[in-house]
Number of protein chains: 2
Amino acid sequence: MPPASDARPSALNAMALSAVIERNRRQFRTATEFVEAAMREGILTGALPAGAPLRQEELAAAFGVSRMPVREALRQLEARALVEFHPHRGAVVAEISAGDSADISAIRAALEPAALRLSLPRLTTDDFALAEELIGEMDAETDPGRMGELNRRFHMTLYARAGRPRLLALAEQHLAAADRYLRFQFAALGYHPRSQDEHHALLAACRAGNADAACAAVVNHILAAETLLTAFLGERGS
Amino acid sequence: MPPASDARPSALNAMALSAVIERNRRQFRTATEFVEAAMREGILTGALPAGAPLRQEELAAAFGVSRMPVREALRQLEARALVEFHPHRGAVVAEISAGDSADISAIRAALEPAALRLSLPRLTTDDFALAEELIGEMDAETDPGRMGELNRRFHMTLYARAGRPRLLALAEQHLAAADRYLRFQFAALGYHPRSQDEHHALLAACRAGNADAACAAVVNHILAAETLLTAFLGERGS
DNA sequence: TGCCTGGATATTGGATCCAATCTATCGATG
DNA sequence: CATCGATAGATTGGATCCAATATCCAGGCA
């Protein structure tokens, strides 16, 4: 049953998506790619909140295409566990939960140290400089969306030299998925300053070339955020 | 005219797919699910070889459906990196390469120990018995397809109690992807008996409740296969 | 003779149309 | 008055149809 009153708020606020839409209408060769990218960004940034019903007709109208590219995009997102299909009842944005958060954290805690260990020996001083710059930008950032983006770029900068495209894609995918949760926490609790300390510690270990310490720092960083978030989600009973 | 001089061998041999098709036509609620499952199995089992062009019309005819479910299925498989789209040139089964194999092995070597570590404390004697039975079946198996299936079930049995659905799905997905490569090696080199020793060692460590040893055994097992395969693929220059 | 150009063909990408089915409202009945 | 059932509406799943584009082959030209 939908939330009692408020029958169907048509949770798709075209407003939130319009920014994504307008930005890069021409950037993609096919409409399907465009719709897929826009919807993924919409889900990850929270413009499409968890549980929101995704009506094909509505989305098609919002994107100015027919239902078909929307359907194909939804299938791709289903394969990425970002949307769920219910037979003849349509698709909804995948729900978030404490269990799912723990799941994603476990995956991150497995993938990211592996990527870092492969990448670390090949990182250059330019990479370190970029990573440090990104930490600095995070200090000044207040918008959750930009913060997530900076955090993701910081992490991926350190992993970038791993030379394993699939591993990196998987890591980035789950880093982005974690963003959904971190944004949630960010909005409720505000920015946790210890995170920045962890970023500095991680970068320092990388600069020192200490792979074990760096990997430990990454895992610690991931699990610390997870602990914080689990407690928060647990309290809300969600 | 479709046949013409048969310039393109139409690498899709409906013969190979028919087994998959006939087996469970009724099992799926939607045609898209059915096509997606059948094609995924076809790719992973090698019935659809790497590089094979996937003509929508042809697949639709083979499955007895229209092009639309095929298109949606192809999009899902694209998201799983099993097929590649070339604009206006169609989709092909994703190529295999030494680099990709190393990529998948790196992912497995990261995910599977994590899953095992979570699962190990909760494994029951029944689980161990099933795992041992699967090893036994592998001894007698000669068909590469069944062998891959048994190997996958053996591994997943040990991870099953991790209680992390996404982590397990990801692990199984990459275990299946690795199967594509192992089948390749299997056909060329025959079965490598040391693999069974590794399976026994892994199971023994699990039974002893020694998480560190078990994880080390898994990683060793994965990397040993990878080393063998990389050498083989490297020789062929693929 | 070799290369470039142009048209024919095949195949995909996208739109529209139809059928199946789930939801919801409204009415009948115990 | 509550509960159950039927009918109407909405929405998805699938099929067919049209447009856009890449490939292929033939023919002309340097």
Side-chain angles (χ1 to χ4, degrees), chain A residues 1-12 21 25-39 48 51-79 83-94, chain B residues 1-12 21 25-39 48 51-79 83-94:
Chain A
M1 305 357 169
S5 66
D6 194 349
R8 290 283 177 70
S10 175
L12 166 65
I21 295 173
R25 180 71 187 85
R26 305 260 166 184
Q27 181 178 335
F28 297 92
R29 318 191 54 168
T30 70
T32 299
E33 287 180 32
F34 163 62
V35 172
E36 196 270 339
M39 286 188 60
L48 294 171
L54 297 169
R55 304 235 164 61
Q56 297 177 2
E57 197 87 38
E58 198 172 359
L59 290 165
F63 286 117
V65 298
S66 90
R67 269 177 49 205
M68 173 147 329
V70 174
R71 283 166 63 171
E72 292 185 30
L74 286 173
R75 288 292 179 186
Q76 285 182 296
L77 297 172
E78 183 198 15
V83 309
E84 299 168 3
F85 272 74
H86 300 280
H88 283 280
R89 288 176 51 191
V92 299
V93 178
Chain B
M1 311 312 176
S5 65
D6 203 340
R8 298 274 180 67
S10 175
L12 167 64
I21 295 174
R25 178 72 187 85
R26 305 259 168 185
Q27 181 176 336
F28 297 92
R29 317 194 52 171
T30 70
T32 299
E33 285 180 34
F34 163 62
V35 172
E36 196 270 339
M39 287 189 60
L48 294 171
L54 298 168
R55 303 235 168 63
Q56 297 177 3
E57 197 86 37
E58 198 172 359
L59 289 165
F63 287 115
V65 298
S66 89
R67 270 178 49 208
M68 173 146 328
V70 174
R71 285 166 62 173
E72 292 185 34
L74 285 173
R75 288 292 179 188
Q76 284 182 295
L77 297 171
E78 182 198 15
V83 310
E84 298 170 2
F85 272 74
H86 300 280
H88 283 278
R89 288 176 51 192
V92 299
V93 178

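A note on names: the letters A, B, ... follow the listed sequences, proteins ahead of strands, and every chain is numbered from 1.
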Nearest heavy atoms of Ala31(A) and Val65(A), plus distance in Å: CB-CG1, 4.1 Å

With sequence neighbours excluded, tell me which residues meet salt bridge (charged side-chain N to carboxylate O under 4.0 Å, His left out) with Arg67(A). none

For Gln76(B), check side chain to side chain donor-acceptor pair (under 3.5 Å) against everything at least two apart and list the hits. Glu78(A)

Give the minimum heavy-atom separation between Leu48(A) and Met39(A), together with the two atoms involved. CD1-O, 4.1 Å

List, with names and distances, any nitrogen or oxygen atoms from the protein found under 3.5 Å away from nitrogen or oxygen atoms belonging to nucleotides 5-7 of chain D.
none

Protein-nucleotides 12-14 of chain D N/O pairs under 3.5 Å:
unit_1, atom_1, unit_2, atom_2, d
dT12(D), OP1, Gln56(A), N, 3.2
dG13(D), OP2, Gln56(A), NE2, 3.4
dG13(D), N7, Arg67(A), NH2, 3.1
dG14(D), OP1, Ala31(B), N, 2.4
dG14(D), OP2, Thr32(B), OG1, 3.0
dG14(D), N7, Arg71(A), NH1, 2.9
dG14(D), N7, Arg71(A), NH2, 2.9
dG14(D), O6, Arg71(A), NH1, 3.4

Where Leu74(B) and Gln56(B) come nearest, the two heavy atoms and their spacing: CD1-CG, 4.0 Å

Enumerate donor-acceptor pairs with a distance under 3.5 Å from any side-chain N or O in residues 86-93 of chain A to protein atoms, sequence neighbours excluded.
none

Ring geometry between Phe34(A) and Phe28(A) (parallel below 30°, tilted from 30 to 60°, perpendicular above 60°): tilted

